[in-house]
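Written out below as structure tokens is the structure these notes cover.
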Amino acid sequence: MRPLLVVLHDRPLQSLSAAARFWEIAPTESAAELTGLLYPILTDAWQVALALERLGELAEAAVRTLVERRLPLSPNEIAQTLDRDEGATIAVLRQLYVAGLLATEPSAEGPRVFLPNEVARVIQRLEHERSEPIRPNSPLPALVAQLTDHELLELAERYGLAVIPSVTSRDQALGYLVSRLADPTVLHRVCAGLSPRARQLLTSLESRGAPLPLSELLRDRRWTFGELRRIVSELARSGLVWRTFEGSARCLMVLPALTLGISSTPILQPIEAVSVAEQAPANAAVLDLLLLLACLLRSGTAWPRESRPPRPLAAATAGQHWFREDASDPPAYFIFLRRCAGSLGLLTPRGALARPRLAAWLRAPFAEQQRRLFRAWSATIDPRDRDLLTALVRQLRALRVGAWYEWDEVVRESFAGSTAFEREETRLQELEWLGIVQRGRTPAGTRAIRLTLWGSWTLGILRSVPLIDTRALLETENGLKLELSTLTPEITWIASLLGTLQSSRPVPTWLLTARTVETFVRTELRSGLFSLPLTDLPAALIQLLERALGSPLPATWQETIRAWLAHSRPAIVRPALAVRFTSTSDRDQARALLERVVESIDPLDDLTLVVWLPEPKALGTIETVLRKGGFLVELQDHAGIDHRTKR
């Protein structure tokens, strides 16, 4: 048996990332950061109780066995103790390990599992609650007495007690807390400070009038597991919900003294008769981001951070019909997408494409791209608005999907009137660009919004990805059409490089011509993004399309592509430097020096080397290497006139 912190530090990053996915923690590449995030979760009784309920009865029986035996056990020993199938037991133990609740150690008979010390204490506490459960009608002193010293002092401090470590006694904190929990005015103020989603759950519990089994709560599709555990923790930290049992079922119950009529708390009311313009596709933002990156690549320019769009990019996008055709301020929209692309790592600070990150991005489905895009935007907004954005997102999560609401009312509830019109209008515009809300107008001309299905998925309200129309169409200048039943990020990327987006609604349509395909070939020669073999370019391009589409390309399309590329035989012109020496031995000695620093070097004759120049600064590198090798370097211009001499 070892401390939890030691066990977590011993885990590789991949294992910690799996635990973070189980608890639905925001991903990070730092093992130390993940350890710091997981430790308080795995030592919290509420979090562990919800996890065990999620994993099922066999998981709880397994950890109970480990607590009772107080020593590492093999999966077979646990299965025999529980009289359960060994395969099912191993599967559950694997889930417990992934969640971080179990640890393993090697033995001569094979791996054994055990509970880290802190987790074992949490399990013991939950089992004690099972044997001696508190009742819904328990008096407040008996209820509060169930708390540990740390929990009691923390809750008392939350309710206003000035806690002095090692001085404030348990009895003092208990008496103070009981008096505060019995005061309706105090409880009303505490409830008013809850997040909208926490108030929503508290309202549901109060209207139920009876404890709610955790299993039933976990089946409620209004919350993801990660959101649910955060909401329950928020309510528990304020002492508003407690654990109890009904038979063998662990339940959630409301504080017995809570008789506020939470349901009377003001809730935003939907409105009717809203006029709305044509709605852009749900995944418009991620599609537009791919189109913008493709235009950057085709234009051969970079877009440095904190700058306006470069002119070549503006020219490249001028012929495109963007999915956000109704964007009221196109430059602002492009800048918004560029900022997100930089935060996602798709562009370097200097504005060039980050190819490895782009390749990984293209493999992710649109839904996952949407989630990442939202997180990136949340992290890059004006720092003054981050707390305000958190409050706004909480309010949006409390809205009914598809119903219209007054935007000013939403802002009043979430921003508390603490932000200027320009700032909250910017946030609204960006939420609309992300497809999270749709904007409309009331008959009085005021702003209205509604949470979209795509937005409810992005915010974690819906567990399943909403169905969206992902059809697309590829056309050629000679009238060929290729209908795509499913548009993927990779197909979007390739189509945006091969053709021109003619229209985005109702079905995205790209037009491929001999000229656009030739432009693609030139772009590929310059960037090498797809690493296409040039010996048979038509076959390579056909293979690229078939791999992206997942099906053979029709014969007519293959013939058209071959016809387009029949006269497109790539010839790559590269700058080179001719370096002439006084003897063959000098030439060979210099070649040995230069091969370490240049990409390609070849002898032209007995006295001359030809050095390819992959970039302008390579010239300075060549001069430096030759001088250090003892050569006198003379750089001559094209007319053969001495330009300079260096030693």
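Taking the side chain as every heavy atom from C-beta outward, Phe366 and Thr492 approach each other to under 4.5 Å. Side-chain contact check for Leu126 versus Arg64: every heavy-atom pair is 4.5 Å or farther apart. The closest side-chain heavy-atom distance from Trp361 to Pro489 is not below 4.5 Å. Contact annotation: the side chain of Leu217 approaches that of Leu252 to within less than 4.5 Å [non-hydrogen atoms, C-beta and beyond]. Contact annotation: the side chain of Glu127 never approaches that of Val67 to less than 4.5 Å [non-hydrogen atoms, C-beta and beyond]. Taking the side chain as every heavy atom from C-beta outward, Asn283 and Leu487 never approach each other to under 4.5 Å. Side-chain contact check for Leu4 versus Leu8: some heavy-atom pair is nearer than 4.5 Å. Between Leu102 and Leu66 the shortest side-chain heavy-atom distance falls below 4.5 Å.
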Derivation of the side chain to side chain contact (heavy atoms under 4.5 Å, CB included) call for Leu428 and Trp433: CA-CA 9 Å; Leu428 171 58; Trp433 283 341; over 6 Å; no
For side chain to side chain donor-acceptor pair (under 3.5 Å), just list the numbers for Glu109 and Ser74, CA-CA rounded to whole Å, side-chain angles, deciding distance to a tenth of an Å, and then say yes or no. CA-CA 8 Å; Glu109 293 78 21; Ser74 68; over 6 Å; no
Go through the steps to decide whether Trp457 and Arg371 satisfy the test side chain to side chain contact (heavy atoms under 4.5 Å, CB included), and finish with yes or no. CA-CA 8 Å; Trp457 154 257; Arg371 282 265 178 95; 3.5 Å; yes
Just do the side chain to side chain contact (heavy atoms under 4.5 Å, CB included) check on Trp404 and Glu272 with the steps written out, would you? CA-CA 7 Å; Trp404 288 97; Glu272 303 291 342; over 6 Å; no
Assess the residue pair Gln269 and Tyr405 against the criterion (side chain to side chain contact (heavy atoms under 4.5 Å, CB included)); give the C-alpha distance rounded to whole Å, side-chain angles, the decisive distance to 0.1 Å, and a yes or no. CA-CA 7 Å; Gln269 296 299 319; Tyr405 296 87; 5.9 Å; no
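Note that Arg54 lies in the cation-pi zone of Phe225, set by a 6.0 Å cut-off to the ring centre and a 45° limit from the axis. In this structure, Arg11 satisfies the cation-pi test against Tyr97, with its NZ or CZ atom closer than 6.0 Å to the six-membered ring centre and inside 45 degrees of the ring normal.
A salt bridge is defined here as a Lys NZ or Arg NE, NH1 or NH2 lying under 4.0 Å from an Asp or Glu carboxylate O, and Glu234 with Arg230 fails to meet this definition. With respect to Arg2 and Glu105, no salt bridge is recorded, no charged nitrogen being found less than 4.0 Å from a carboxylate O. A salt bridge does not link Arg363 to Glu368: none of the charged nitrogens lies less than 4.0 Å from a carboxylate oxygen. In this structure, Asp44 does not pair ionically with Arg229, as no charged nitrogen and carboxylate oxygen lie closer than 4.0 Å. We find that Glu216 and Arg219 are not joined by a salt bridge, their nearest charged nitrogen and carboxylate oxygen being 4.0 Å or further apart. Using a cutoff of 4.0 Å between basic side-chain nitrogens and carboxylate oxygens, Arg125 and Glu129 are scored as salt-bridged. Residues Glu60 and Arg250 are paired through a salt bridge, judged by an N-O separation under 4.0 Å between the basic side chain and the carboxylate.
Between Leu13 and Leu34, the closest heavy-atom pair is CD1-CD1, 3.8 Å. Between Gly402 and Arg450, the closest heavy-atom pair is O-CD, 3.5 Å. Across all their heavy atoms, Ala19 and Leu38 have their closest contact at CB-CD1, 3.8 Å. Taking all atoms of both residues into account, the shortest heavy-atom contact from Ile41 to Gln47 is O-CB, 3.3 Å. The shortest non-hydrogen separation linking Pro116 to Val7 is CG-CG2, 4.2 Å. The shortest heavy-atom contact between Val254 and Glu206 is CG2-N, 4.1 Å.
Side-chain N or O atoms of Arg21 include none that pairs as donor or acceptor with a backbone N or O of Leu16 at under 3.5 Å. A side-chain donor-acceptor contact under 3.5 Å links Trp454 to the backbone of Ala282. Put simply, the side chain of Thr244 gets close to the backbone of Ile134: a donor and an acceptor are under 3.5 Å apart. Between the side chain of Arg357 and the main chain of Leu344, a donor-acceptor pair closer than 3.5 Å is present. A donor-acceptor pair under 3.5 Å links the side-chain atoms of Ser131 to the main chain of His128, judged by distance alone.
Judged by distance alone, the side chains of Thr458 and Gln370 do bring a donor and an acceptor atom under 3.5 Å apart. At a cut-off of 3.5 Å, with distance as the only test, a side-chain donor of Glu118 or Tyr39 sits close to an acceptor on the other residue. Checking Glu430 against Trp377 by side-chain atom types alone, a donor-acceptor pair falls below 3.5 Å. Gln369 and Arg372 form no side-chain donor-acceptor contact under 3.5 Å, judged by distance and modelled atom types alone.
Here the SG atom belonging to Cys251 is positioned 4.5 Å from the CD atom belonging to Glu246, to the nearest 0.5 angstrom. The CG atom of Leu93 sits 11.5 Å away from the CG atom of Leu101 when rounded to the nearest 0.5 Å. Within the model, atoms CD of Glu86 and CD of Gln80 stand 8.0 Å from one another, a figure rounded to the nearest 0.5 Å. The distance from the CD1 atom of Ile436 to the CG atom of Leu373 is 8.5 Å, given to the nearest 0.5 Å. Atom CZ of Arg243 and atom CE of Met253 lie 10.5 Å apart (nearest 0.5 Å). Rounding to the nearest 0.5 angstrom, the gap separating the CG atom in Leu50 from the CH2 atom in Trp23 is 8.0 Å.
Surrounding CZ of Arg400 are at most 12 heavy atoms belonging to other residues, nucleotides or ligands under 6.0 Å away.
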Show me, pair by pair, the donor-acceptor contacts under 3.5 angstrom made by side chains of residues 152-164, not counting sequence neighbours?
from	atom 1	to	atom 2	distance (Å)
Arg158	NE	Arg237	O	3.0
Tyr159	OH	Ser238	O	2.6

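Of the options Leu187, Leu202, Leu235, a side chain to side chain contact (heavy atoms under 4.5 Å, CB included) to Leu255 is made by Leu187 and by none of the others.
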